[in-house]
Amino acid sequence: MAVSDTSPVRVRIAPSPTGFAHLGTASTTLYNVLFARANAGTFALRIDDTDVERNREEYERLIYEALQWLGFEWDEGPDKGGPYGPYRQSERLDLYREAAARLIAESNAYRCFCTPEELDAERKQALAEHRPYVYSRRCLTNPPAGRTVFTVRFHVPGGEVKFTDMVRGEMTFDSDLFGDFIIIKSDGYPTYNFASPVDDAAMHITHVIRGEEHLPNTPYQLLVIDALGFMRPQAFAHMPLILAPDGGKLSKRKHPEANLVLYREQGYLPEAMVNYLALLGWNPGTEREIFTLDELIAEFSFDRVQHGGARFDRKKLDWIDGEYIRALDDDDLTTRLAAFLPELDEATIKRAAPALKTRMRTLGEAKTLLEYLWTDPLPPELSPEDRQRVKAAAVALSLVQHWDPAPIHDVLMPVVEASGLGPNATFMPIRLAVTGKKISPPIDYTLALLPKDVAMARITRSIQ
RNA sequence: GGCCCCGUCGUCUAGUGGCCUAGGACGCAGCCCUCUCAAGGCUGAGAUCGCGGGUUCGAAUCCCGCCGGGGCUACCA
């Protein structure tokens, strides 16, 4: 999707380092990247770390790692610098203080000395009287004397706030319903609804693309920008939320599956993840489901994004991931599998690749399929009939010169025919002897992946 | 409670007044293929389009009301 406008497109994501990297962050990043690339724009990463209590430095690193894993690259950020740095809000405190001071000087903001307890009482009373809560403005008209701890509140002027949302169209909010909100906390740090618009303006952000939970915040932020005389972003895009299977918002606390690194650890392919995320809340208008990032950049448009939240469906992700795995060539699959199969050398993994390909939905599943290669299964209890057939197979197998699937297959088929039964009668007991499992790739592959002597030893052992 | 967003198969969705006896995908079931498991092919079950009123010759599509879900309502972001 491309928009034509004079100023170059600049977008940003602004995650908070308050926990593991979240699926929602990946989703928001994806849409920002799609829009930026389609418009030859700039994509910036800003760290919104104004919550002193919850921020942790390692969480910032987690965000970088997760986004890099997905193949997203930012043009500006704390680690890369850029013309509008610093890109960490904790390093931009002077900017917010100056802006707040100006707002106070111009009577667009004021100091508030109310204690959290007093505020809480106000809120509870409003609730008891079934009245919508807005701050009483006590400190605007009659501040209590002799107090030193204060916050700074924005003086909401009232009136309508309008803006363009690329997903939902023209939005209008009535700011008469807003209370005077806090812009500087008592610890001197700015609140989100203050720091975010100040930075968006300072960083010349042209399009704000973020999750739907920010839709009600937008008019507050616009009020701040207007009071400061800054330039507003041209447009916003509020993307549908990713919902948990129970229909609620995916939260870090309640839903460990919202953790991005989990998907890397389980062996999902990043491009499959991106593909699935794109389909959650957006559809191309065709029946196509598999898209590369470049194809998404070309196809994506905000007018085809859903307005309601979408539940995260692991089964569908699994299917897409399987599609991507099947499409990989053997070398690529081998390289990616290496980290999941530390017990095996690359040559072995590559030999197994063709047989593995149609049997995995995630790279992590390779382990179950191949662990017989480095573990020693218990010999199975075979019936006398099974033993007979396995014995015949063992004799035939011992003659095989080149221990490869094709020769193994050739030598086994006469044994099957001689048994007068179907292949399974011969192959299943061999499978059990060699892998300890009832499920494996075709028996010729299964045998060939093992060194001949090891395979023969397991077979022989089972018929003793 | 207030403000905002949303409401089509279990899930993600197509659908913008007649092409809809509502299409696709995942999942599910069955069959085929087959040495097991997958993959692949075919078939099927599954949505009175949240409910009730309108408007119209005709509504999933337009209007109103209700109900339901979600988000925000913090000195979190």
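Fair warning: this is a prediction, and the values are worked out from it, not measured in the lab. Throughout, a chain's letter reflects where its sequence line sits, starting with A, and its residues are numbered from 1.
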Opposite nucleotide pairing with [N], Watson-Crick or G-U, both atom distances under 3.5 Å:
N: B:rA25; answer: B:rU11
N: B:rC19; answer: none
N: B:rU61; answer: none
N: B:rC3; answer: B:rG71
N: B:rC66; answer: B:rG50

Query raised in the report: So does A:Arg431 reach the base of B:rC35 with its side chain, donor to acceptor, closer than 3.5 Å?
Result: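 Such a pair is found, so the answer is yes.
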Query raised in the report: Is any side-chain N or O of A:Ser186 under 3.5 Å from a base N or O of B:rC75, one able to act as donor and the other as acceptor?
Result: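 Looking at the base of B:rC75, it does pair with a donor or acceptor on the side chain of A:Ser186 (distance under 3.5 Å).
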Taking only the side-chain heavy atoms of [X] (C-beta and beyond), determine which of [options] contains the nearest atom.
X: A:Arg123; options: B:rC26, B:rC75, B:rC3; answer: B:rC75
X: A:Asp313; options: B:rC35, B:rC26, B:rC3; answer: B:rC26
X: A:Arg311; options: B:rA25, B:rC75, B:rC12; answer: B:rC12
X: A:Asp444; options: B:rC35, B:rC3, B:rG27; answer: B:rC35
X: A:Trp319; options: B:rG15, B:rC35, B:rG27; answer: B:rG27

Query raised in the report: What are the residues of residues 358-368 of chain A, sorted by number, that bring a heavy atom to within less than 4.0 Å of RNA chain B?
Result: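 RNA chain B contact set from residues 358-368 of chain A: A:Thr358, A:Arg359.
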Query raised in the report: Think A:Arg111 forms a cation-pi with A:Phe150, using NZ or CZ under 6.0 Å from the six-ring centre and within 45 degrees of its axis?
Result: yes
What is the separation between atom [atom1] on [X] and atom [atom2] on [N], rounded to the nearest whole Å?
X: A:Ile443; N: B:rU34; atom1: CD1; atom2: C1'; value: 15 Å
X: A:Arg326; N: B:rG41; atom1: CZ; atom2: P; value: 10 Å
X: A:Asp120; N: B:rU73; atom1: CG; atom2: C1'; value: 14 Å
X: A:His307; N: B:rG69; atom1: NE2; atom2: P; value: 22 Å
X: A:His238; N: B:rA77; atom1: NE2; atom2: C1'; value: 13 Å
X: A:Ile242; N: B:rC6; atom1: CD1; atom2: P; value: 19 Å
X: A:Leu241; N: B:rC12; atom1: CG; atom2: P; value: 13 Å
X: A:Ile320; N: B:rC12; atom1: CD1; atom2: P; value: 14 Å

Taking the [atom1] atom of each, how far is [N] from [M], in whole Å?
N: B:rG65; M: B:rU55; atom1: C1'; value: 15 Å
N: B:rG15; M: B:rU73; atom1: P; value: 33 Å
N: B:rC19; M: B:rU61; atom1: C1'; value: 14 Å

Report summary line: Ranking A:Met171 and A:Tyr220 by the position along RNA chain B of their nearest nucleotide, the one closer to 5' is A:Met171
**Report entry** Whichever of A:Asp246 and A:Trp282 has its nearest RNA chain B nucleotide further upstream toward 5'
**Finding:**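 With A:Asp246 and A:Trp282 compared, the 5'-side residue is A:Trp282.
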Query raised in the report: With respect to A:Tyr276, which candidate in A:Tyr263, A:Tyr268, A:Phe312, A:Phe291 satisfies the ring pair (Phe, Tyr, Trp, His ring centres under 6.0 Å) definition?
Result: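 The option that passes is A:Phe312.
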Query raised in the report: According to the interplanar angle, ranging from 0 to 90°, do the rings of A:Phe302 and A:Phe300 count as parallel (below 30°), tilted (30 to 60°) or perpendicular (above 60°)?
Result: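 Because their plane-to-plane angle is over 60°, the rings of A:Phe302 and A:Phe300 count as perpendicular.
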Query raised in the report: Hey, does A:Trp319 have a side-chain heavy atom less than 4.5 Å from the side chain of A:Arg361?
Result: no
Requested in this report: Report yes if the distance between the aromatic ring centroids of A:Phe163 and A:Phe236 is under 6.0 Å, otherwise no.
Outcome: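 So the answer is yes for these two rings.
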Query raised in the report: Can you check whether A:His214 and A:Tyr220 have ring centres sitting under 6.0 Å from each other?
Result: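 Ring centroids of A:His214 and A:Tyr220 are no less than 6.0 Å from each other.
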**Report entry** Point-to-point distance, once rounded to the nearest 0.5 Å, from CD of A:Glu365 to CG of A:Asp321
**Finding:** 9.0 Å
**Report entry** Atom pair CG (A:Asp180) and CG (A:Asn108), whose distance is rounded to the nearest 0.5 Å
**Finding:** 10.5 Å
Report task. With A:Gln89 as reference, evaluate A:Asp199, A:Asp49, A:Asn55 under the side-chain hydrogen bond (donor to acceptor under 3.5 Å, both in side chains) test and give the passing residue. Result ->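 Exactly one candidate clears the test, A:Asp199.
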